[in-house]
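First the structure, then my questions, so here it is.
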Amino acid sequence: GINAEYMEAVVSTQSTWKQWYQRRVHGSSGINAEYMEAVVSTQSTWGPQRLIMLARRLGTVARSAAMRASTRLAATQRRSFADEAPKASQGIPSKLTLNLLAPHQAIFKAQEVDQVIIPGADGMFGVLPGHVPTISELKPGVLEVTTAPGEITKYFISSGFAFAHADSTLDVCGIEIVKLEDLDASLVSSGKTEAEAALGRATEEVEKAKAQIAVEVYTAMTEALNAK
């Protein structure tokens with residue numbers, strides 16, 4: 001069963017997460033101590049599988065790995081699904097409107113592009129103008145933005161969510177996003193080695209979950225660099 005202590009911690013986390021997200025939308029930065037305390041409180045009452053789920057959602061380990069392996073870090077804005085869809089007479093736009101958002105920067109803000117290929121948790125998928133409204137969790141991987149025929153920019157995204165709207169607007173909110181060319185292969189290699197060693201040493205479930213996520217992120221970065 002789920003005990004009262006666990007539910008209280010979850011409610012506390014959700015409340016402080018909402019406050020943090022609202023501040024982020026309005027341009028402030030940083031995760032406050034109150035939020036982190038609630039997260040720790042929640043983690044203490046979760047089993048291993050829930051711990052892994054929480055860690056994936058928060059993306060703190062994934063973000064740390066992506067930041068460490070990047071030689072340069074390239075606010076958030078989010079449209080609501082309550083936005084009106086275009087009238088039928090308007091037809092499908094010729095371009096997709098992209099908002100590519102990291103906590104520290106809007107990489108693309110209302111930028112018209114041809115297509116975006118996204119590393120969804122259930123597999124890679126492409127978004128074109130007129131895409132069916134969709135919400136997708138993202139896994140560590142490469143996000144490709146085609147701004148014009150033959151003009152493709154690749155980014156590594158550690159985790160996050162993508163929101164495809166009925167008006168051909170796509171919001172991609174990532175925990176950390178860096179240009180693929182900014183990843184340093186030597187840092188990725190050393191980071192992967194250290195993460196694997198940490199996983200081998202870990203004895204507690206929380207540490208195992210953190211190390212496993214770090215290994216997954218560094219592995220995804222290695223595969224992305226090898227495929228470049």
Side-chain angles (χ1 to χ4, degrees), residues 10 13-18 20-22 24-25 31 35 38-39 42-43 46-67 69 74-83 96-108 113 115-128 131-145 154-178 180 195 206 208-224 227:
V10 170
T13 302
Q14 290 177 334
S15 174
T16 47
W17 166 261
K18 182 178 180 181
W20 172 78
Y21 183 79
Q22 288 174 338
R24 178 68 74 188
V25 168
I31 298 177
Y35 168 66
V39 170
T42 304
Q43 287 181 338
W46 281 33
Q49 293 304 314
R50 288 196 178 97
L51 282 171
I52 293 174
M53 185 182 299
L54 175 64
R56 288 186 188 280
R57 293 293 187 275
L58 297 177
T60 53
V61 177
R63 182 183 184 193
S64 176
M67 289 179 67
T76 52
Q77 173 183 330
R78 175 178 169 183
R79 296 176 62 89
S80 167
F81 271 84
D83 291 345
L96 182 70
T97 301
L98 173 64
N99 296 305
L100 180 57
L101 311 166
H104 56 279
Q105 181 184 11
I107 298 171
F108 285 105
V113 301
Q115 175 181 258
V116 180
I117 298 178
I118 296 171
D122 295 324
M124 302 289 291
F125 67 97
V127 179
L128 294 164
H131 195 282
V132 62
T134 303
I135 299 177
S136 176
E137 181 183 359
L138 307 182
K139 66 179 181 180
V142 177
L143 180 144
E144 298 185 10
V145 179
K154 296 182 179 182
Y155 297 87
F156 183 85
I157 186 166
S158 63
S159 59
F161 285 87
F163 306 84
H165 302 273
D167 62 354
S168 292
T169 294
L170 173 65
D171 297 333
V172 179
C173 304
I175 298 299
E176 194 56 69
I177 307 171
V178 296
L180 188 58
V206 174
K208 286 181 181 179
K210 289 181 178 179
Q212 182 61 51
I213 294 168
V215 169
E216 291 177 4
V217 174
Y218 280 117
T219 299
M221 283 190 280
T222 301
E223 293 174 350

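These numbers come from a predicted model, not from an experiment.
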Discussion item. Applying side-chain contact (heavy atoms from CB on, under 4.5 Å) to Val172 and Leu138, what does each step give before you reach the verdict?
Written reply: CA-CA 9 Å; Val172 179; Leu138 307 182; 3.8 Å; yes

Worksheet item: Any side-chain heavy atom of Leu143 sitting closer than 4.5 Å to one from Ile177?
Response: no

Practice prompt. With rounding to the nearest 0.5 Å, note down the distance linking OG in Ser159 to NZ in Lys139.
Written response: 13.0 Å

Discussion item. Minimum heavy-atom separation for Ser136 and Ala121, please, with both atom names.
Written reply: OG-N, 4.4 Å

Item to complete: Work out which heavy atom in Phe125 is nearest to a heavy atom in Gly120; give both atom names and the distance.
Response: CE2-CA, 4.0 Å

Worksheet item: Counting distance only, does the side-chain N/O of Ser158 pair as donor-acceptor with the main-chain N or O of Glu176 below 3.5 Å?
Response: yes

Discussion item. Under the side-chain contact (heavy atoms from CB on, under 4.5 Å) test against Ile107, which residue among Leu98, Asn99, Leu100 passes?
Written reply: Leu100

Discussion item. Working to the nearest 0.5 angstrom, can you tell me the gap between Ile213 CD1 and Lys208 NZ?
Written reply: 14.5 Å

Practice prompt. Side-chain contact test, heavy atoms from C-beta onward, threshold under 4.5 Å: evaluate it for Pro119 versus Met124 and give yes or no.
Written response: yes

Worksheet entry | Heavy-atom side-chain proximity of Ile175 to Ile157 below 4.5 angstrom | no

Worksheet item: Side-chain contact, heavy-atom cut-off 4.5 Å: Phe163 with Pro133?
Response: no

Worksheet item: For Val145 and Tyr155, which heavy atoms make the closest approach, and how far apart are they?
Response: CG2-CE1, 4.2 Å

Worksheet item: At their closest point, which heavy atom of Leu101 faces which heavy atom of Ala106, and how far apart are they?
Response: CD2-CB, 3.8 Å

Worksheet entry | Minimum heavy-atom distance between Ala220 and Phe156, given as atom pair plus value | C-CE1, 3.8 Å

Response to the item:
Closest heavy-atom pair, Leu170 versus Ala162, reported as atoms and distance to 0.1 Å, is CD1-CB, 4.5 Å

Worksheet item: Backbone N or O of Val217 within a donor-acceptor pair of the Thr219 side chain at under 3.5 Å?
Response: no

Item to complete: Take Val116 and Leu96, measure what side-chain contact (heavy atoms from CB on, under 4.5 Å) needs, and give me the verdict at the end.
Response: CA-CA 9 Å; Val116 180; Leu96 182 70; 3.9 Å; yes

Item to complete: With the side chain counted from C-beta on, respond yes when Val127 and Ile118 share a heavy-atom pair under 4.5 Å apart, and no when they do not.
Response: yes

